[in-house]
Amino acid sequence: MLFFKEFYLKVLLSAWLVVAAMLAMQFSLNILKFKSLVGQATASQMQVVGSTIEANVMRAEQVGLAIDEIVGLQSLIEREAEKDPTISRIIVVSPVGQPLVQSGAKGLPNEDRAAVLRRVFSVQEQESAIDRGTWIYSGRTLLDSSGIVMGAVILMAPTDVTQAATAAVRENLISNYGLIFGLVAATLIPLIIYLFRDVGSIFGLLGTAPTRGSVEQEYVGEAGELASSLSIGNALFEQAEAELDASQGGVK
């Protein structure tokens, strides 16, 4: 019985470990997916401001003004950056990535500059988004009336704005997955016992079966088949033993 209890415990622990690993993997994938969705939503929100700046640039372009010649563009982007708490910086760059107008003294971080500019000017869509870990970038290319790229608006938001929502979702997922694991772990106990019930019968039969003679107790299922095989084996063993004794007596 001690061996069989250890057998049950090992099977249960193995099943629990597999379930826990699967839930942990699913939890990590859900968190990553949610962070990606929040980043995309933040970038889409910043595109509203980007479209406002684009409209002002297009009106100036129609009268023949270049981006750096637009009067009031600096005050416009500073006002838009202050209006939206999500946005930290707004930078308007030339087609080669040279900053033309920006809110505040800081522009694109040097460690992200090449990746962001490559993303903004390489995609076919006018809007682009990139998450660099510390910052979420939302880019919008500026096209003139002939469809030629005349620059881009790059809006930046710190990833800290997504931490509150991510933390709330993480706590919710932890409680839900903990409940799921508890239910599955509790369900596995009777399930394992039911699935290995025949093994228990066999171990019980082996513990009570005599090594010699016949098995008098009646068993059903696999245990009954084993009992029948033991009875036949005992009979054959006794017959062989009797023949051996007879042959030895004849030799003497």
Side-chain angles (χ1 to χ4, degrees), residues 26-61 66-68 70-144 149-174:
Q26 188 67 32
F27 172 81
S28 300
L29 291 176
N30 285 337
I31 290 296
L32 291 176
K33 183 177 181 180
F34 180 78
K35 291 178 65 176
S36 176
L37 292 176
V38 172
Q40 293 177 7
T42 303
S44 299
Q45 180 181 348
M46 291 191 291
Q47 283 294 338
V48 177
V49 177
S51 62
T52 301
I53 299 173
E54 179 191 20
N56 285 269
V57 173
M58 292 301 100
R59 284 196 297 268
E61 189 271 337
I67 295 178
D68 53 357
I70 301 175
V71 178
L73 182 58
Q74 178 70 42
S75 59
L76 172 64
I77 64 173
E78 289 179 354
R79 185 168 60 253
E80 292 294 337
E82 293 177 357
K83 186 188 304 181
D84 193 336
T86 303
I87 300 175
S88 179
R89 305 177 196 173
I90 302 176
I91 306 102
V92 179
V93 298
S94 67
V96 295
Q98 183 68 29
L100 300 176
V101 185
Q102 64 186 33
S103 63
K106 297 181 179 179
L108 290 173
N110 293 330
E111 62 272 15
D112 296 341
R113 180 181 178 82
V116 172
L117 292 177
R118 183 168 57 250
R119 173 70 175 175
V120 171
F121 290 112
S122 64
V123 297
Q124 297 180 353
E125 294 81 6
Q126 188 177 6
E127 300 178 1
S128 58
I130 179 172
D131 188 344
R132 294 286 295 175
T134 305
W135 295 95
I136 299 174
Y137 297 89
S138 180
R140 189 178 188 89
T141 54
L142 302 174
L143 307 176
D144 59 16
V149 176
M150 56 186 300
V153 180
I154 301 175
L155 304 99
M156 299 172 54
T159 53
D160 295 344
V161 300
T162 66
Q163 289 183 357
T166 304
V169 171
R170 183 183 292 109
E171 292 179 0
N172 190 23
L173 286 177
I174 289 175

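Residues: numbered from 1 along the sequence shown.
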To check you understand the geometry: which heavy-atom pair defines the closest contact between [X] and [Y], and what is its length?
X      : Y      : result
Pro95  : Val149 : CG-O, 3.6 Å
Gln126 : Thr141 : NE2-O, 2.9 Å
Gln47  : Ser138 : NE2-OG, 2.7 Å

Non-neighbouring partners of Lys83 that pass salt bridge (charged side-chain N to carboxylate O under 4.0 Å, His left out), sequence neighbours left out: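 Once residues adjacent in sequence are excluded, the partners of Lys83 under the salt bridge (charged side-chain N to carboxylate O under 4.0 Å, His left out) criterion are Glu80.
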
Salt bridge (charged side-chain N to carboxylate O under 4.0 Å, His left out): pairs with one or both residues in residues 130-144, sequence neighbours excluded: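 Sorted pair list: Glu54-Arg140, Asp112-Arg132, Glu127-Arg140.
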
Selection residues 27-43 - residue pairs positive for salt bridge (charged side-chain N to carboxylate O under 4.0 Å, His left out), sequence neighbours left out: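 Pairs touching residues 27-43 that pass the test: none.
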
Check: Ile90 and Val153 side chains under 4.5 Å, non-hydrogen atoms: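 Counting from C-beta outward, Val153 and Ile90 do come under 4.5 Å.
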
Arg113 versus Asn110, side-chain donor and acceptor atoms under 3.5 Å: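 The answer is no; no qualifying pair exists.
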
Report the distance from atom [atom1] of [X] to atom [atom2] of [Y], rounding to the nearest 0.5 Å.
X      : Y      : atom1 : atom2 : value
Asn56  : Ile70  : CG    : CD1   : 7.5 Å
Phe27  : Ile174 : CZ    : CD1   : 4.5 Å
Gln102 : Glu78  : CD    : CD    : 10.0 Å

Partner of Met156 under side chain to side chain contact (heavy atoms under 4.5 Å, CB included), chosen from Thr134, Ile91, Val116: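 Of Thr134, Ile91, Val116, side chain to side chain contact (heavy atoms under 4.5 Å, CB included) with Met156 is met by Ile91 alone.
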
Main-chain N/O of Ala168 paired to Asn172 side chain as donor or acceptor, under 3.5 Å: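 No, the answer is negative, given that no donor and acceptor are paired below the 3.5 Å cut-off.
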
Whether Ser103 side chain and Ile77 backbone form a donor-acceptor pair below 3.5 Å: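 No.
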
